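One structure below.
The structure displayed is predicted, hence computed values, not measured ones.
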Amino acid sequence: MFDPALNPLMLSIAVIAMFVLVWGGVRTLRTDRQKGVLMLMCALVILGNLLIWTV
């Protein structure tokens with residue numbers, strides 16, 4: 001489906017996206033609680049995908 005040589009690149013992008021979502025979610029919690037919680041939940045989903053991909 002995709003080139004296996006791209007696995008490290010995709011994992012790196014997913015980790016960066018997860019950290020950005022956590023950072024943005026924590027900052028957004030102060031002003032808009034619902035959007036902040038959704039961003040944190042999205043980060044948890046990406047973390048779960050990362051754990052599945054690396055095992």
Ser12 side, atom OG; Asn7 side, atom CG - distance, nearest 0.5 Å: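 Spacing of OG (Ser12) from CG (Asn7) equals 10.5 Å.
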Pairwise distance OG1(Thr54) to CG(Asn49) - rounded to 0.5 angstrom: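 Separation between the atoms: 10.5 Å.
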Could you note down all residue pairs passing salt bridge (charged side-chain N to carboxylate O under 4.0 Å, His left out) where residues 34-50 supplies at least one of them, sequence neighbours left out? Asp32-Lys35
According to salt bridge (charged side-chain N to carboxylate O under 4.0 Å, His left out), does anything in residues 9-27 pair up with another residue at least two apart or in another chain? List the pairs. none
Could you pull out all residues at least two apart from [X] that satisfy side chain to side chain contact (heavy atoms under 4.5 Å, CB included)?
{"X": "Ile52", "answer": "none"}
{"X": "Ile16", "answer": "Val20"}
{"X": "Leu50", "answer": "Leu11, Ala14, Val15, Met18, Ile46, Trp53"}

What are the two closest heavy atoms between Thr28 and Gly36, and how far apart are they?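 Closest heavy-atom pair between Thr28 and Gly36: CG2-N, 3.9 Å.
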Looking at Ala5 and Pro8, what are the two nearest heavy atoms and their distance?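 For Ala5 and Pro8, the tightest heavy-atom pair comes out as O-CD, 3.5 Å.
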Members sharing Val37's hydrophobic cluster (side chains within less than 4.5 Å): Val22, Val26, Leu29, Leu40, Met41
